[in-house]
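Notes to accompany the following structure.
Here is the naming used below: chain letters follow the sequence lines, and residue numbers restart at 1 for every chain. Since the model is a prediction, treat every value here as computed from it, not as a measurement.
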Number of protein chains: 4
Amino acid sequence: MIDASLALYSTAPLVETFSPEAHIRQLLVFEAALARAEANVGIIPTAAAEAIAAACRLDGLDVPGLFAAAAHTGTIVIPLLHALDERLDPATRDVLHWGATSQDAIDTALMLQSREGLHAIEADLQRVCAASAALARRHRTTPMAARTLLQQAVPIPFGLKAALWLALAGRRLHALRRQRDEALLLQFGGAAGTLAVLGDRGMAVAEALAGELGLRLPDLPWHAERDRLATLVSTLGITAGSMAKIAQDVVLLSQTEVAEVRESHGPGAGGSSAMPHKQNPVRTTLALAAARLAVAQVPVALAAMAAEHERSAGGWQSEWAALPQVFLYAGGAAAHVADALEHLRVDAARMRANLSAGGDLVFAESLAAALAPAVGRTVAQGLVRDVTRSAATDGRSLRQAAGEEPRIAAAVTAADLDRIFDPESAWGSAQAFIDRALTVHAGPDADA
Amino acid sequence: MIDASLALYSTAPLVETFSPEAHIRQLLVFEAALARAEANVGIIPTAAAEAIAAACRLDGLDVPGLFAAAAHTGTIVIPLLHALDERLDPATRDVLHWGATSQDAIDTALMLQSREGLHAIEADLQRVCAASAALARRHRTTPMAARTLLQQAVPIPFGLKAALWLALAGRRLHALRRQRDEALLLQFGGAAGTLAVLGDRGMAVAEALAGELGLRLPDLPWHAERDRLATLVSTLGITAGSMAKIAQDVVLLSQTEVAEVRESHGPGAGGSSAMPHKQNPVRTTLALAAARLAVAQVPVALAAMAAEHERSAGGWQSEWAALPQVFLYAGGAAAHVADALEHLRVDAARMRANLSAGGDLVFAESLAAALAPAVGRTVAQGLVRDVTRSAATDGRSLRQAAGEEPRIAAAVTAADLDRIFDPESAWGSAQAFIDRALTVHAGPDADA
Amino acid sequence: MIDASLALYSTAPLVETFSPEAHIRQLLVFEAALARAEANVGIIPTAAAEAIAAACRLDGLDVPGLFAAAAHTGTIVIPLLHALDERLDPATRDVLHWGATSQDAIDTALMLQSREGLHAIEADLQRVCAASAALARRHRTTPMAARTLLQQAVPIPFGLKAALWLALAGRRLHALRRQRDEALLLQFGGAAGTLAVLGDRGMAVAEALAGELGLRLPDLPWHAERDRLATLVSTLGITAGSMAKIAQDVVLLSQTEVAEVRESHGPGAGGSSAMPHKQNPVRTTLALAAARLAVAQVPVALAAMAAEHERSAGGWQSEWAALPQVFLYAGGAAAHVADALEHLRVDAARMRANLSAGGDLVFAESLAAALAPAVGRTVAQGLVRDVTRSAATDGRSLRQAAGEEPRIAAAVTAADLDRIFDPESAWGSAQAFIDRALTVHAGPDADA
Amino acid sequence: MIDASLALYSTAPLVETFSPEAHIRQLLVFEAALARAEANVGIIPTAAAEAIAAACRLDGLDVPGLFAAAAHTGTIVIPLLHALDERLDPATRDVLHWGATSQDAIDTALMLQSREGLHAIEADLQRVCAASAALARRHRTTPMAARTLLQQAVPIPFGLKAALWLALAGRRLHALRRQRDEALLLQFGGAAGTLAVLGDRGMAVAEALAGELGLRLPDLPWHAERDRLATLVSTLGITAGSMAKIAQDVVLLSQTEVAEVRESHGPGAGGSSAMPHKQNPVRTTLALAAARLAVAQVPVALAAMAAEHERSAGGWQSEWAALPQVFLYAGGAAAHVADALEHLRVDAARMRANLSAGGDLVFAESLAAALAPAVGRTVAQGLVRDVTRSAATDGRSLRQAAGEEPRIAAAVTAADLDRIFDPESAWGSAQAFIDRALTVHAGPDADA
């Protein structure tokens, strides 16, 4: 009942959590908890609640048949209740789903699935954090070229790049944890959000039900106010986009001509059906694909916000597919990135070699900055531009050309030049930034 | 292996066509056809081609296992070829997939699936056309209110609305048929689009392979030029959007306060778990949901166009999911709309009643137009605005208030007023438009 | 220099805040503040900082010329610095923009614009809250039909609908205020995020600069980690979507056949060029359009997250347009909704009339619930379905048909029936929910 | 009145064509043509038509004032007609806009703007084609590495890459020309699509009006059937995506470590405010940004298709902004790409150097293919994998390692190896593909 091709884009726990079967299972959890809550409040007999809870088991239900029937009735809850009816005696049947509406069950089931889904993604994000932190520590003084608009710019330590990945993934972990508190809410309003059938005991049942399920009780039912669901979906979309940033960096660093990192997953991974020498960055490529598929669901949730009156016709029904999909794909992106970073081979020598391959032009900014106090920024930049050009023309390095340019030699000593062309001296606040990211990562709630 | 919840949004033929199993099946079709084509051109032995064709059968393959392996290798083709290898003797194994690359197989398989998918959707669109045409004919003189910005405007025949649905669905049918010719192309370029391994016989194999598969041969391979695939996806998205237009109309006409049409699918359909009297427009609601889910895949295909060099890292892999999804959901929207229209109960009396419920204000434009030749448009509109207001104040109909306004009575006779307030006299070119839509529908290639 | 057609979709303050001129103005604010910060830290002379601050004025700059040049240089900052150079003596020129990169200036300017933009939208959201609260209070016992899937469901007080609008807008206000704290950050990293040119004084300058601008200092520069910007854009998109929910309700309630509310903006508003009687819901229609245009920018920001290395080629440049647009359109949606609600004419009589127009079927759920204790839910629902059908057949009201059905009469008294068919008795927890929304709205930080 | 920042993303002709002023100008063209058409058919006096045509001039109109008023009335046409009224005597005033509705004027004006917009974009696409064709011809035998998933794969001629750009841009040119015929249609239906006010002369006026404007007459009015507009917008989005493909290739080839091409626009272009040596790919970076902004409008048009009844409330109004934006940004992407290709510096030596930089591994596929007839594909691939690994270990080239491997030496001669490691011998059908693209480009309607 699970689409096999999801293996490319998602993880086994998420595929399980958002399977059609799991949705039915959580609907059953809702119905059982509702019965218990109503028994606790004294609305239905305890024996009835127990009978309902006993009936609410997945085994024996025809899941494809239920969904096929749902296409006829408009919601999965109606055929599911019919199926449960057959397991109950008439009196108990009469108090099943008492006071609730289909949307109460479906939205709450989606929240229960989302709770599991958030846990699963958080686990993979923690792997991303841990792997990034390890890279940041190990490579805090490994020089590489920063690249802006894909042009080499100035030297940075590779550890800074990893620290930025760490801080990014850490913020997403924080954002998902916040969603646990803010988005995972009980839905319980009855036919039109008034809990009318429960008379003056609606709030008591709602509180008991929230307690049963371990979900927070919202201020009001939210049948047609979908801002929190849209926020959950967007947060997952942004998580996917964050994974895409890391994946994009890895894919670009893996290019044959750059070759500074390589995914390394043992024999067979990343091969080609036509080219025996290929070693493709498979995990990060699939992470990029998964991230795009995750992001595609965000507009569905945003459009569904324009819900008609007390229950929307079309928008809500689109969320049933959009919410699972954004979880599946965002989580897949996180897992793929975690796998890639955990097995990343870093070629520090190549990083250093690439830095100087371009004629040490990445030090041009440092040189101009060093000259500026003596000759002014404008003159300094002009000088650097000139020696850059003349170095390019006759094949000298920028270091050599600078040393041979009299106006530069007059302004800085050879020792200055050595320092200027030393990547480690050009790092400014990089080490402080790396420390900040590592400190936050090691902070009190880092493993909460 | 098929996601059961797709029953809500799609149709059985499309779910089958775009199942993981079906993708494998079409990959096998490609590999078998390639072997036959190469045997025909004399590149591999005929016996090898026959052995390969015999090995290319779905039964016995572990489909979930293949996709799980694909997450490791990056494409499904590599584990599939390994599985086929086990069915072949070493010599035949050596010519399997000869000269092709994974993308040749995957893209071509997607095209073969798309061919089936287009046929399935066209069949449902034809049902939409037929049902719309029947409504247009039956209700060509049934008056109802046109509504602009959801305000009653002027009378139209319901048949005109149905004729516009017909023309819309007919254009989509035409657009999908064009895609059959323009988008369903063989993909065959080898490792990097040059068919290098086939030397000077690449074009001959390509032609033979296209012939085997009944696909057109493109001018050049299209590994990284995805405009035609993006056009196919957009065309399906626009088809979904067109179905949403019809569904939206039906949902709005079904409102309790309007009640001019009703989906009618027999007992159980559209009921509510809480409200025994509800009769929800289930098919069109699910059509709206499916259309939104279809449309969400269009940006995925558009973004995938920015493919890197000769094969993209991320974009192409996202298409593997986006193309099936847009087919599944667009086709579901069409099928749901077809079902709704085929079982639509039209309440012509209610249409007429709604027309006059608003104090016959929908005739205001006709009245102003009839007065204009006598008093000028500006004066006429002012007069109509005045009597509209005074009619609203004292509860008279516009017809009555107009007859009692001396300046209007001076300009038009009572017989004129009867004609002005007769919906059928206000139809202008509506009948001509209905005829046009019906004529196109009945045209030579209408059932092609 | 401001696109006139924005008047349809946005507000004057936002159009001003996000004009090209305003962007230049905030870039100048950045450059002046940077000079002051560097003077404070002792990196540049105070006199130079004063000269730079004096030069950083908009008047005299050729804004279209600057943007035309930016298309050649790739960023607006380069031509702007050239223009400022002409206002400075050579020595001062040399310390202008010292240690910063174009992206520091542009991102920070966008944050300063965003701060103004958030204030402007919050003001309109507060108007939405106040108008919704007033409606919730005034109509807390005005009965109307709840509608699910656009079908009348059960009675609710109109005040509950308004309370849900209030709670929704209140949550968005809260979300935007949080963005003030979390998204409005200084950008300052120098060429590649290390503040290399500033040596060991980078952090000191960053702190001073943040202080000058009143922006928070982030943990690390965020040139290529765009999660916070994507969150800001999404938050605005969700705000737009929330406004669309309210606008959608108003548009639907304004339908000729429903006519429960009406936008009321005096003569001329919402007229038609062809139909003198039309009174279109103009503000909410334009709010719906603006919301769709706002939401369209969210995927741009999400896609831009996959930034290449230390500065992206394409994604970042798309944000320059996407961020202003989401502010402009989301704010326009909020303002249009505020205008509509502030001038909303509510027809309570029509609400009550519509409730009973459908043969009082909205009380079917109450009837079934009242019968259930006596006969069981299943029998009760069957009974209600039967009398519903027989009432529809012979034109009786459900109340009448229920009273005449022996099995029902045996279970409930006439007084019970009176109560069951009284909308106010069917409200369950509605009043409690209204109180909750009003309490939150009146809470301590409601006007913060 | 034109947003100055559009200079970054669009072209002067498109900014002019889609300015608010130009929209008013085309509305005036519509009103004048309608009057002439109605005079021709004998519905209004010729003198009135002439007076109206004379009044329909832009100068003297307060464009910002008109749009501000439109936010009150809901469409721009109402205040525009009021402004024109002041230029007409009462009798003429009465026949202005006779029989038309606001949507007739606005949609037709958008079509007239689109006609100009298509011409402008086609001109830039022809530049892309011409520049690509020149590159394809000049570099038809310049070897470079094909790259799949950004890994070097096999050698291709750079001319093949350019030929694929040419074919892609040529198909977009063809697609836009088709839109001229299929999407640019007169809109003319009157208040609700029946031309009611014109009685039995509606079709005659429609034909005359279409003739006046040089627009095709559709089968039926299309007020609420937006498939053709959505197709136009999608076609432009796909054009933008196609430009993004070319731009992406150029940006990637421009990377410091690849350096095979460079945008070359003279002094100042692509510099950095911080780094004097930078030479950024400005045009293609802005093309990528513009393409993303263009694509963002496609979902707006797709969502607008779910139009309510005879005129939508929200969707149509969003198209007024979405259609201009997709033209502006798609056209900007095309112009930027054309500029980049026209000034592209190609470094053929670097292409060849990059090919061999990776230890000549790109010839691995050729080697395996050459060995296969002798030893079988499986053995051949194993052998090649072995020598690839041993070459990597001890720093030999693949060529050398292959020559020294006895099993390979037994299967192929040294002369074979020379041929195998010659990029030109590995091109398969590349030259034929280049010829195909050039032939289509030079075809009969290439310059139509």
_Taking side chain as everything from C-beta outward and backbone as N, CA, C, O, which of these in D/Arg172 sits under 4.5 Å from a heavy atom of chain B? Side chain, backbone, both or neither._
side chain
*Quick one: CD1 on B/Ile156 to CZ on B/Phe158, what's the gap to the nearest 0.5 Å?*
9.0 Å
*Given the options B/Ala301, B/Pro373, B/Ala306, B/Ala303, which has more heavy-atom pairs under 4.5 Å with chain D than any of the others?*
B/Ala306
*Would you check if the side chain of B/Gln151 reaches a backbone N or O of B/Thr148 as a donor-acceptor pair within less than 3.5 Å?*
no
*asked:* Which one wins on heavy-atom pair count under 4.5 Å against chain D: B/Ala206, B/Ala430, B/Gly376?
replied: B/Gly376
*If you count heavy-atom pairs under 4.5 Å with chain B, which of D/Ala313, D/Ala244, D/Gly241 comes out on top?*
D/Gly241
*Pick one of side chain, backbone, both or neither for D/Glu310, based on which atoms fall under 4.5 Å of a heavy atom in chain B.*
both
*Kindly say whether B/His223 contributes a backbone atom to a donor-acceptor pair with the side chain of B/Gln103 at under 3.5 angstrom?*
yes
*chain D: which of B/Lys161, B/Met203, B/Arg93, B/Arg171 shares the most heavy-atom pairs with it under 4.5 Å?*
B/Arg171
*Heavy-atom pairs under 4.5 Å with chain D, option from B/Leu150, B/Leu164, B/Val375 with the top count*: B/Leu164
*Measure the shortest side-chain to side-chain distance between B/Val154 and B/Trp427 over non-hydrogen atoms and say whether it is less than 4.5 angstrom.*
no
*Counting only heavy atoms closer than 4.5 Å, note whether B/Arg226 contacts chain D via side chain, backbone, both or neither.*
neither
_If I measure from the heavy atoms of chain B, does D/Ala167 come under 4.5 Å with its side chain, its backbone, both, or neither?_
side chain
*Quick one: does B/Arg311's side chain get under 4.5 Å of B/Thr101's, heavy atoms only?*
yes
*Checking D/Ser366 against chain B: side chain, backbone, both or neither under 4.5 Å from a heavy atom?*
neither
*Top residue by heavy-atom pair count (under 4.5 Å) with chain D, among B/Arg228, B/Arg201, B/Gln248?*
B/Arg228
_Proximal component of D/Leu253, with respect to chain B [non-hydrogen, under 4.5 Å]_ = both
*Under 4.5 Å heavy-atom distance to chain B, tell me which part of D/Ala370 shows up: side chain, backbone, both or neither.*
neither
*Non-hydrogen atoms of chain D under 4.5 Å away: do they reach the side chain of B/Trp222, the backbone, both or neither?*
neither
*Is it true that a side-chain atom of B/Ser312 and a backbone atom of B/Glu308 form a donor plus acceptor pair closer than 3.5 Å?*
no
*For the pair D/Asp249 and D/Lys245, find out whether any cationic side-chain nitrogen is under 4.0 Å from an anionic carboxylate oxygen.*
yes
*Do the side chain of B/Thr92 and the main chain of B/Leu88 share a donor and acceptor less than 3.5 angstrom apart?*
no
*Taking B/Leu168, B/Asp227, B/Val295, B/Val95 one by one, which has the highest count of heavy-atom pairs under 4.5 Å against chain D?*
B/Asp227
_D/Arg292, part contacting chain B, at a heavy-atom distance under 4.5 Å_ = neither
*What part of D/Trp316 lies closer than 4.5 angstrom to a heavy atom of chain B: side chain, backbone, both or neither?*
neither
*When heavy-atom pairs shorter than 4.5 Å are enumerated against chain B, which of D/Pro221, D/Gly189, D/Pro155, D/Gly315 gives the highest number?*
D/Pro221
*With the threshold set at 4.0 Å, does a side-chain nitrogen-carboxylate oxygen contact exist between B/Arg147 and B/Glu260?*
yes
*chain D heavy atoms under 4.5 Å from B/Asp219: which part of the residue, side chain, backbone, both or neither?*
both
*Please state whether the side chain, the backbone, both or neither of B/Ala224 comes within less than 4.5 Å of a heavy atom of chain D.*
both
_Under 4.5 Å from any heavy atom of chain B, what part of D/Leu160 do you find: side chain, backbone, both or neither?_
side chain
*Using non-hydrogen atoms and a 4.5 Å limit, figure out which bit of D/Gln431 sits close to chain B: side chain, backbone, both or neither.*
neither
_Interface moiety of D/Val251 toward chain B, non-hydrogen atoms closer than 4.5 Å_ = neither
*If you measure from CG on B/Leu220 to OG1 on B/Thr194, what distance do you get to the nearest 0.5 Å?*
11.5 Å
*Is B/Ser234 reaching over with its side chain to a backbone N or O of B/Ala230, donor-acceptor style, under 3.5 angstrom?*
yes
*Below 4.5 Å, heavy atoms only, C-beta onward: do D/Leu195 and B/Phe433 meet side chain to side chain?*
yes
*Just give me the residue among D/Ile434, D/Leu96, D/Thr239 that pairs up with chain B most often, heavy atom to heavy atom, under 4.5 Å.*
D/Leu96
*Closest non-hydrogen atom pair between D/Ala294 and D/Ala330, with its separation*: CB-N, 3.6 Å
*Student check: side-chain heavy atoms of D/Val298 and B/Val298 closer than 4.5 Å*: yes
